Amino acid sequence: MPELPEVETIARGVHDRVRGDSIVEAWFGSHREPFKMPPAQQAKALQGCTIVAVHRTGKHIVCELESGKPLSGSNSPVNRREAKRLDGKSRLDGQSQWIVHLGMTGRLLVTTPDAPVAAHTHARLLLASGKELRFVDPRRFGRLEFRDLARVDAFTAPGADPLVIETAEFAQLFRGRKLAIKAALLNQTLLAGVGNIYADESLFRAALRPTKIAGKLTKTELERLRLALRQVLEHAIQLGGSSVSDYVDADGIRGFFQLEHCVYLRTGQPCPTCQTPIRRILLAGRGTHYCSKCQQ
DNA sequence: ATATGGCCCTGGTTGC
DNA sequence: TGCAACCAGGGCCATA
């Protein structure tokens, strides 16, 4: 299931491959599920747009778009300059946005029109360069949204970014909360981007029991958690994310962070620190893995 | 306001 | 071996 590191990896990959390209034609499937507006309407809105940048916000991939006719091919000096300008702080200058949420099984792939079309392909964007951007999602938990910034605000993640949040703000998120720290980590309105894998892995690295009440954690414990979370996310990004089940990046390549998992999906296997068998419980409806000795 | 639980989906796994 | 029941799980919504 794609979380922050996987989404970051995909967003970077897509950015590198389609930045400056423009959407010649958009084909959307007929399922109502992955779309926040009628597929035909969304497809029409995307046609003719130029992709000036692609980035991650929480677990969302945001494609910044300029509407209207493509300038003069994806590699024109004008488009390259434009893309570079929008690469920095002014990226929200885009006139519209295409927001992709991968849900659990979603994939955003850069391929070519002649490549075999995988089952459960819900969107195909033919680009001026001859590439094709595809959204594939068997379980249809993903979402595709088009935002016209002339009419609505730019997309913002509900929660704070775990990669940049500082000590005081992090501690404030959990103050007075009466739910388990693991459940709090999964709450996207507090922190945006943490899912089941990195919740379990960061709690292990911070030596904290997932069931601990969030509001009862000490300042020291919270700071340990903040640093462990940042460290584990950054490490995972370096390794291209975790490939469990069917995650692949924009090129269809698997990540390698799953080799670094200490507890996630390692039920019964020895803890890397103390050899105690990893325990699995159900918490907030999610499989939760921890070492009963290291995480008190 | 905060917390909990059911629901959506399909593919992989389990069990008979 | 084959088929059906079961289950995972992110986010959203109703409910407590």
Side-chain angles (χ1 to χ4, degrees), chain A residues 1-11 28-37 39 56-62 99-108 117-123 135-145 147 155-162 171-203 210-217 229 233 236 241-248 254 258 261 263-268 278-290:
Chain A
M1 54 274 5
E3 303 178 25
L4 189 152
E6 293 77 33
V7 176
E8 179 73 31
T9 302
I10 294 165
F28 279 29
S30 53
H31 279 291
R32 193 189 319 163
E33 211 53 44
F35 306 109
K36 283 202 166 186
M37 68 165 70
R56 174 198 66 82
T57 302
K59 292 180 192 172
H60 297 260
I61 299 166
V62 182
I99 296 131
V100 178
H101 191 284
L102 300 171
M104 282 189 58
T105 54
R107 298 181 185 188
L108 192 62
V117 179
H120 310 291
T121 298
H122 303 297
F135 176 73
V136 183
D137 183 15
R139 225 164 283 188
R140 306 215 298 273
F141 279 12
R143 288 293 179 270
L144 301 175
E145 180 186 3
R147 280 184 179 237
F155 177 82
T156 49
D161 190 323
Q172 181 62 37
L173 291 178
F174 303 105
R175 194 159 298 162
R177 304 246 166 213
K178 292 184 169 62
L179 76 172
I181 184 62
K182 158 92 185 251
L185 285 175
L186 294 177
N187 184 340
Q188 300 298 300
T189 63
L190 298 177
L191 286 171
V194 183
N196 213 27
I197 298 173
Y198 299 100
D200 281 5
E201 291 298 320
S202 61
L203 287 166
T211 50
K212 272 203 164 187
I213 299 304
K216 289 188 176 173
L217 293 177
L229 187 55
L233 291 171
S242 300
S243 283
V244 297
S245 70
D246 52 4
Y247 161 76
V248 288
R254 296 165 63 85
Q258 70 279 7
H261 290 175
V263 290
Y264 184 74
L265 290 188
R266 293 192 70 250
T267 312
I278 298 303
R279 190 176 289 180
R280 180 185 190 277
I281 58 169
L282 207 60
L283 200 161
R286 301 290 176 258
T288 299
H289 315 77
Y290 68 98

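Here the structure is a predicted model, which is why all the values come from computation and not from measurement. Just so it is clear: chains get the letters A, B, ... in the order the sequence lines come, proteins before strands, and each one is counted from 1.
Side chain of A:Gln188 to backbone of A:Leu186: a donor-acceptor contact under 3.5 angstrom is found.
For A:Glu3, the salt bridge (Lys or Arg N to Asp or Glu O under 4.0 Å) criterion is met by no residue, not counting sequence neighbours. Applying the salt bridge (Lys or Arg N to Asp or Glu O under 4.0 Å) rule to A:Arg147 yields the partners A:Glu145; only residues at least two apart in sequence or on another chain are considered. Under the ring-ring contact (aromatic ring centres under 6.0 Å, His included) criterion, A:His120 pairs with no residue at all, not counting sequence neighbours. The side-chain hydrogen bond (donor to acceptor under 3.5 Å, both in side chains) search around A:Lys59 returns none, not counting sequence neighbours.
Shortest non-hydrogen contact noted between A:Ile213 and A:Arg177 is CG2-O, 3.4 Å. Minimum interatomic distance between A:Leu4 and A:Pro162 (heavy atoms only, all atoms of both residues): CD1-CG, 3.7 Å.
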At under 4.0 Å between heavy atoms, which parts of nucleotides 5-11 of chain C does protein reach? Answer with one letter per nucleotide, 5' to 3': B base, S sugar-phosphate only, - none.
---BBBB
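Across A:Lys182, A:Arg280, A:Arg266, a single residue satisfies salt bridge (charged side-chain N to carboxylate O under 4.0 Å, His left out) together with A:Asp200, and that is A:Lys182.
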Protein N or O to nucleotides 1-5 of chain B N or O, pairs below 3.5 Å:
residue	atom	partner	partner atom	Å
B:dA3	OP1	A:Lys178	N	2.7
B:dA3	OP2	A:Arg177	NH1	3.0

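Distances shorter than 4.0 Å separate some side-chain N or O of A:His120 from OP1 or OP2 on B:dG11.
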